[in-house]
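Model, not experiment: these values are computed from the prediction. All ligand and atom numbering here is 1-based and tracks the order in the structure. For the numbers below, each heavy atom of this structure counts, side chains included, while hydrogens, waters and symmetry mates do not.
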Amino acid sequence: MGTEEVIAVDRFADIQVLRYEVPGFDCLTLRQKRLVYYLSEAALWGRDILFDQNGSYNLRIRRLLEAVLPYVPQEADEAERQALLTYLKRVWFSNGIHHHYSCDKLAPGCSEEFLRRCVLATPTAELPLVEGEDVEAMCARLFPVIFRPEVLPKRVNQEDGQDLVATSAANYYEGVTQQEAEDFYARLKDNGNPDRPVMYGLNSRLVKQDGVVKEQVWKIGGMYGPALERIVGWLEKAEEVAENDAQREVIRLLVDFYRTGDLQVFDDYSIAWLRDTESRVDFVNGFIETYGDPLGLKASWESIVNFKDLEATHRTETISENAQWFEDHSPVDVRFKKPHVKGVSAKVITAAMLAGDLYPSTAIGINLPNSNWIRSVHGSKSVTIGNLTTAYGRAARGNGFREEFIADAAELERVNRYADITDDLHTDLHECLGHGSGQLLPGVDPDALKAYGATIEEARADLFGLYYLPDERLVELGLTPDSEAYKAAYYTYMMNGLMTQLVRIEPGCTVEEAHMRNRQLIARWALEQGREEGTVELERRDGKTYVRIHDYVRLRALFARLLAEVQRIKSEGDYEAARRLVEDYGVQVDPQLHAEVLERYRRLDLAPYKGFVNPRYRPVFDEQERLVDVKLDATESFTEQMLRYSRDYSCL
Ligand code: ZN
């Protein structure tokens, strides 16, 4: 009780909004807190850039909806009023008028006449009119974009055979065809340095003016200049309290990039960012991911401010330091083991602020930079965001999902008590040890398993983790609380692989994605092999199917056997065996069970998409106006936060 009320702050359309906690913030030094605060302000000032990138009408439509909100006529129909508010929330959540995930235009839900009445009830001075425009002209301009489904229907169109630039509503091109855009960047690439190619087009809009194709660069003095100036202002404050020289250099180069728009400087910045591994506080702030551009060139603006989670990072370091012990004691044939194995230490971070394209919908891991040549020469930084994973886990507890699908109260109790810990631990074992374990026999082609390679590789890493979860060694190392905890992970793994992951598959389809295939492969194989001994079964009760694990110790022995076999397949490059395992266990779906799972899931009425509200950081000043502390405030609602951001961080 209680927890989920605090963590789930809003629910509308297909969205659930959660609040994440920032554990450890209070233990940062004052200097680090100031750094987080300044970087957070720099993050929030980029919000309007993303709205404009997602579509040229987005900012005006958002402002129009926000302006009329307090003036909705008292006698208005309640359903219309609710529909308008829901539409505004969806626009906030999507950073524009297209769905954040499907890219389809959002349907407003309320009628055109209703919005017109609201507009007429609003003082003209508060409406987002442009120069020389009256209220009627504004409505004539914006209403078709809001209400007519055929106007700008898709933010990013990927349909083969169409002009992707012309048919996408994203604001990255104007007046140019796809061909012209492609020619423009092909020419730039031909003239660039082939060994160290900058990411051409990353930070600009491409337009055709007077017959000439040219870039409007996003920089101070250029497009989005006013917002970038604010961002730089806060970055310069952050530079003063940077933790060390390496971090100071990162901030300085980023400021340089925002001033010049020079992509060479952006590469220098990315390399400096990679080198800064010592700082506790870290951040991303810039034009980063290119999913929003149908041609994959132009990057949407995003920011995350974070600090290292020392405890969780200590956990992955412990695992990684003991990598050789785990390798030596695994149940695989000694010929397939690495004589010298090195564990990977995954970094776990705590998010302190999400912004731009990472807000409110966000990623739970970061792997940057995106530049190919920098990745191959200098590597990349890969982190998981611990406090967001925790928030998702808490939201999953108490939403009815586990109650519906878990077989009985005792299993449910164990899952609720241990699953957060054991799921994280399984992920750590998978990432830090699983993928790095084992070796190919001499002369075996690493691609021998072809299309089945990815599924077999994921199965290998998952099984390595599953095999070790019950091991006494993990209790000794302080990684699991006791020798019961692993049962929670075994139960949820089998339930997911046999049943609940099917909610992500359309009726009539098979399992395609490698991670999903691997989970089903392991769970189905264990079910089949354990059937005679009564280890695991699918139990039918009151027309519903449940996973029943009768013998956890024997289940571990089954995982050990499958791990040995999967490692043999990989080490010997046994394509035929890989094909059989995947095809026999990983691909096909029992249509009856699938339909049952979908129906039970549908009745729970869960939101398919989730996002977050941020905490608010409040500086505390003494009598001499010196900043002496930063306090974290986690009380804002989704609507309050969005209205505040629109009021305090809007200058485009
Ligand atoms: Zn993996």
- Taking 2.8 Å as the cut-off, does an N/O/S atom of His515 lie below it from the Zn ion (ligand 1)? no
- Regarding Arg556 and the six-membered ring of Tyr467, is the cationic atom NZ or CZ under 6.0 Å from the ring centre and inside 45° of its axis? yes
- Item | Geometric cation-pi criterion, Lys450 with Tyr575: 6.0 Å, 45° | yes
- N/O/S atom of Glu458 under 2.8 Å from the Zn ion (ligand 1), yes or no? yes
- Check the side chains of Arg473 and Asn322 for a donor-acceptor pair under 3.5 angstrom, ignoring hydrogens and angles. yes
- Check His430 and report its N/O/S atom nearest to the Zn ion (ligand 1), by atom name. NE2
- side chain to side chain donor-acceptor pair (under 3.5 Å) evaluation trace for Asn518 with Asp462: CA-CA 8 Å; Asn518 126 58; Asp462 260 3; 3.2 Å; yes
- If you look at His435, which of its N/O/S atoms is nearest to the Zn ion (ligand 1)? NE2
